[in-house]
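Working notes, structure below.
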Amino acid sequence: MARLSRRRMLQGTGALAAASAVGLPMSRSYAQEQTIKIGFLGPLSGGMEVMGRPLLTGAEIAVNQINKAGGVNGMKLELVPRDDKGTGKDAVTGARDLFASGVNLLCGNISTASVLGVSPLLSEANATLISCSAVADSLTHEDFTPNYFRICENAYTKYRAQARLFAERHPDMTNWTGVVTDAANGRSIWTAFEHGLREFYPALANKEVSITDPVVTKVGASDFKQQIVRLMSSPAQCFLNTTNGADAILFFSQAASLGLDSKFPLVTDAGSGWGVPLALKDKIPQSILTGVFWYYEAYDHLEMGRELYKDYVDATGKEFPDDFVELSHAAVYAYANAIKATGNTDTQQIVKAMEGMKFQTAKGEREFRKEDHQCIGDVTFLTLDRADNERGWKVGEFIRVNGRDSMEPPSPGKAIDFSKI
Amino acid sequence: MADRSVYFWPAAGVIALIATALAPLFANDSVTFILGLAMIEAVFALSWNLLFNYTGIASFGHAAFFTLGAYFVACAQRYGWDVTFPLQLLVAFALGGGAAFAIGAVALKRASGIHLAILTLAIAEVVRMVIGYIDYVGRDDGLGGIPRPVVNLGLATLDLRSSSAYYWCILVVCVALALGLWWLVRSRYGRALRSIAEDAERATFVGMDIYKLRLFSFTISGAVAAICGGLSAPWVQIVTPDLSHWLHSAQPMLNTLLGGSAMFWGPAVGAFAYSLINYSTRTLDGVSEIVVGGILLTIILIAPTGITGALESLRRKIFQKWRAASPWAQVRVKGEQI
C-alpha cells in the first residue's frame with residue numbers, strides 16, 4: 001500500500017484549499033449561461049438544519065420548475081445558497097457575500113435573529129429579502145424596513161387563530177400554560193396566543209380562562225427536564241410548545257420519558273415541520289394540534305400543489321414534504337412574478353411590484369400587504385395522533401383558516417398595541 | 001556581509017499591511033468584510049496570547065471581555081448615546097480592563113492553571129446568559145441594525161458609514177493596538193511577564209510580585225479584547241449573546257495554534273489563515289465546518305509550531321542554502337582556509 005507522506009498530505013490539503021478558494025468545482029452550479037441570481041440564506045448546519053434543508057429543497061424545486069418552463073422573460077434562474085446557521089452574525093456574513101456576488105434578491109431565513117441581522121442592511125445594499133418562516137410580529141411592525149417581505153403568516157395572525165380553534169373546539173379546556181423559547185419568535189407566539197385565549201374563551205366559550213406563567217427555555221438548550229417537571233406540577237390542562245427543530249425533538253423525547261402524556265392528553269405546538277414527528281415516532285404526544293405552513297394532501301386539488309409534491313418526492317425519495325418546502329417555493333415564485341411584471345431585476349422596481357402583488361402558490365393565492373409587506377394567505381393547522389403503525393402516529397384533521405380575517409391592522413414602524421385590539 | 005534574512009519577517013509584515021490596507025480598492029465587499037473581521041480577530045488573538053504565551057495564563061473565557069466592549073458600543077450607536085465613537089472605544093477599553101481587573105483580582109489570587117481556565121469559561125457563560133435576559137440589549141436575539149459612526153472632529157467630520165471608511169478605521173485601530181502589545185512584550189514589563197511564564201517560582205525568588213504582574217497582564221488583555229469587541233459591533237452591525245459563547249473564546253486559541261504561539265505575530269497570522277479557509281469553504285453548504293475542521297487539523301498536525309513556525313524553519317533552510325551558494329560565502333570559506 002502506498003504510504004501517505006507528509007509532503008503528499010500537504011499537497012493534498014493545498015489542492016483542497018485551492019479548489020475551495022476557487023469555489024467553482026465544489027459548489028453547486030445551477031446554470032451556466034446568463035442567469036437571474038436568487039440568493040438563499042438559511043440554516044444548513046446546526047440545530048436548525050432540520051428546517052433549513054427542506055427550505056433549500058423548496059427553493060431548488062421552484063427554480064427547476066421555472067427554468068423547465070422556459071425561465072422568466074426568457075432568462076433562467078440560478079439559486080445561490082449560503083448557510084446562515086440560524087444566527088444573526090452568520091446571516092450578515094452570508095448576506096454580504098451574496099451582495100458582493102451581485103445578488104440583490106434574497107429569500108430564506110428561518111430565525112427572527114437572522115432577519116434582524118440582514119434586514120437593516122438591505123437598503124444600503126439595494127437588495128430585497130423575502131423571509132420564509134420568521135414569525136415575530138416586530139419584523140413587519142417596529143423593525144419594519146422597506147425592502148423586507150414576509151411570505152408566512154406572522155405570530156399575531158397564526159397563534160390567535162390557534163387560540164380561537166381551542167376556544168371553539170375545547171371550551172372546557174380553560175387552564176393553560178406554555179413552554180416558551182426566550183427569543184423574539186417565542187415571545188411573539190406566546191403573546192399572540194395568550195391574547196387570543198383571553199379574547200376568544202369569554203367570547204366563544206362563555207368562560208374565563210386561567211393562564212399560568214409559561215415555562216421559559218433557551219434556544220439550543222441541552223436539557224428540558226426542569227421545564228417538564230414544572231409543567232407536571234402546574235395546574236394547566238393544556239400547554240403551547242414553541243420550541244422547534246432539534247429543541248422540540250429533545251423536549252418531546254424527554255417529556256415522553258418523564259410521562260408528561262398522562263397529564264396532558266392533548267397539547268398544542270407552534271409547529272416546526274415534519275422533521276419533528278418523523279424523528280419522534282411513538283414518542284409524540286397522544287394528540288397534538290400543530291401549526292403547519294402547508295400540508296400537501298390538503299392542497300392536492302391545486303396543480304402547483306400536486307407538482308410541488310411530485311417534484312419533492314422525485315428529488316428526495318421521501319413521502320412527507322416538510323411544510324417549509326412550500327415557503328421557499330412560494331418566495332421564488334413571488335420573485336419570478338415580480339420580475340415578469342417589471343421586466344427586470346431592479347430592486348426598487350421589484351419592491352414596488354411586490355407591494356400588493358397577488359400570486360399563485362402551491363397553497364393557493366397569496367398577497368403581500370402593501371403597507372407592511374406581510375403576506376396574506378391561508379393559516380393552516382393539523383392534528384397528529386399517536387398510532388400503532390410504523391411511523392408511530394397518523395394525521396388526524398387538517399384545519400384551514402382564512403388569514404385575512406385574523407390579521408392585525410398594518411402599522412409599519414410601530415409595535416402591535418395589544419391593549420387596543 | 002550583513003545577514004539579509006533578518007529582513008524577511010519585517011518585509012513580509014509590511015507587504016501584508018499594504019495589501020490589507022489596499023483591499024477595499026480591489027476586493028469586493030464580501031472579502032473586505034471578512035478581512036475587517038480577520039483584523040479584529042487577529043488583535044483579539046494577540047491579546048489572548050499575551051496571557052497564554054507571555055504570562056503563562058490560559059483563559060477559556062476571553063470572549064466575555066470582547067462581548068462587554070461590543071455591547072457597549074452597540075448600545076451607544078444604536079440608541080444614539082451622546083458619546084463620540086473614539087470615546088466609545090476608550091470606554092470599551094476601560095470597561096474591559098475594569099472587568100478584567102475585578103475578575104483577575106479575585107481569580108488570580110485563588111486559582112491557577114486549569115482551575116483558572118474553567119473559572120474564566122464560567123464567567124463568559126454567565127455574561128452570555130445574563131445578556132439573554134436583558135430586554136434593552138435584545139435578549140437572545142441580540143441587537144441588530146447598529147449604525148456605523150460619524151465622528152465630529154470639530155473642524156471636520158469623519159464619516160465612517162461606508163464600508164471602506166470603517167474598514168480603514170479598523171485597520172488603524174488594530175495596527176495601533178497590535179503595535180502597543182508588541183511594544184509591551186518587548187518592554188521591561190514584557191520581559192518580567194515572560195519570566196513568570198517560564199518559571200513563576202524562580203521569578204518570585206528573585207523578588208517579582210507575580211500576582212501584580214499577572215493582574216496587569218490580565219487587565220491589559222481584557223481591555224484590548226473589549227476594544228476589539230467595540231470595533232466589531234458597527235462592522236457586523238449586529239451583536240448577539242453568542243459573542244460570549246465558549247466557541248468564540250476558543251477562536252483565539254485556534255488562531256494561536258494555527259499561526260503559532262512562539263512568534264508574537266503568530267496568532268494574527270492564524271486569524272487571517274482561518275478567515276481564508278473559512279471564506280474558501282463558504283459554498284460547501286452544510287459541510288463547511290467539517291472541511292474547515294479537517295484542514296485545520298491537517299495543518300496543525302503537519303506544522304505543530306503553527307504557520308509562522310513552519311515558515312520560520314523554511315526561511316532558515318532557504319537562507320542557509322542561499323548563503324552557502326552565494327559567491328560571498330565561497331570567498332568567506334576561502335578566506336577562512338587561508
Side-chain angles (χ1 to χ4, degrees), chain A residues 6 9-10 12-13 16-24 26-28 40 42-46 49 52-53 56 80-83 85 87-89 91-94 96-102 111-113 115-121 124-125 136 143 145 181-187 218-219, chain B residues 27-34 36-37 78 128-129 132-133 135 138-148 161-163 232 235-243 245 248 273 276-292 294-299 301-303 310:
Chain A
R6 230 165 64 156
M9 208 165 158
L10 190 61
T13 311
L16 183 67
S20 306
V22 173
L24 294 175
M26 298 173 79
S27 65
R28 291 184 211 191
F40 172 89
L44 302 174
S45 58
E49 191 209 357
R53 227 11 104 171
L56 178 60
V80 189
R82 291 289 179 272
D83 182 7
K85 298 180 177 72
T87 70
K89 189 193 164 198
V92 168
T93 308
R96 285 190 183 280
D97 190 32
L98 289 171
F99 300 151
S101 312
S111 74
T112 299
V115 180
L116 285 171
V118 176
S119 185
L121 310 177
E124 186 195 328
D143 294 319
T145 58
T181 45
D182 191 12
N185 71 324
R187 289 191 297 275
K218 292 283 175 186
V219 176
Chain B
N28 67 32
D29 276 357
S30 176
V31 173
T32 309
F33 181 70
I34 299 292
L37 282 182
R78 170 76 191 262
R128 188 170 71 88
M129 296 186 88
Y133 287 105
D135 282 325
R139 300 176 76 107
D140 276 346
D141 295 306
L143 206 56
I146 301 162
R148 291 194 181 135
R161 283 176 298 186
S162 75
S163 289
S232 82
W235 185 235
V236 183
Q237 296 186 282
I238 184 169
V239 289
T240 62
D242 280 347
L243 285 176
H245 197 276
H248 192 213
L276 175 71
I277 296 167
N278 224 1
Y279 182 74
S280 306
T281 56
R282 73 197 185 285
T283 54
L284 309 176
D285 38 272
V287 292
S288 62
E289 273 94 350
I290 298 169
V291 177
V292 169
I295 293 173
L296 293 178
L297 198 64
T298 311
I299 293 175
L301 284 174
I302 291 170

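Small disclaimer: the values here were computed from a predicted structure and weren't measured.
- Residues A:T93 and B:I34 meet the side-chain proximity criterion, which asks for heavy atoms closer than 4.5 Å.
- Across every non-hydrogen atom of B:D29 and A:A100, the tightest pair is N-CB, 4.0 Å.
- Contact count against chain B (heavy-atom pairs under 4.5 Å) is highest for A:R187 among A:K85, A:K89, A:R187.
- Partners of A:F99 by ring pair (Phe, Tyr, Trp, His ring centres under 6.0 Å), not counting sequence neighbours: none found.
- Atom OG of A:S45 is separated from atom CD1 of B:I290 by 9.0 Å, given to the nearest 0.5 angstrom.
- Considering only heavy atoms from C-beta on, A:T87 stays 4.5 Å or farther from B:T240 through its side chain.
- Across all their heavy atoms, A:R96 and B:W235 have their closest contact at NH2-O, 3.9 Å.
- In terms of the salt bridge (charged side-chain N to carboxylate O under 4.0 Å, His left out) criterion, B:R78 has no residue partners (sequence neighbours excluded).
- Counting heavy-atom pairs closer than 4.5 Å to chain A, the top-ranked of the candidates B:P147, B:S30, B:G138 is B:S30.
- Side-chain atoms of B:Q237 and A:L121, non-hydrogen and from C-beta on, do get closer than 4.5 Å to each other.
- Counting heavy atoms from C-beta outward, A:D97 and B:F33 have side chains that stay 4.5 Å or more apart.
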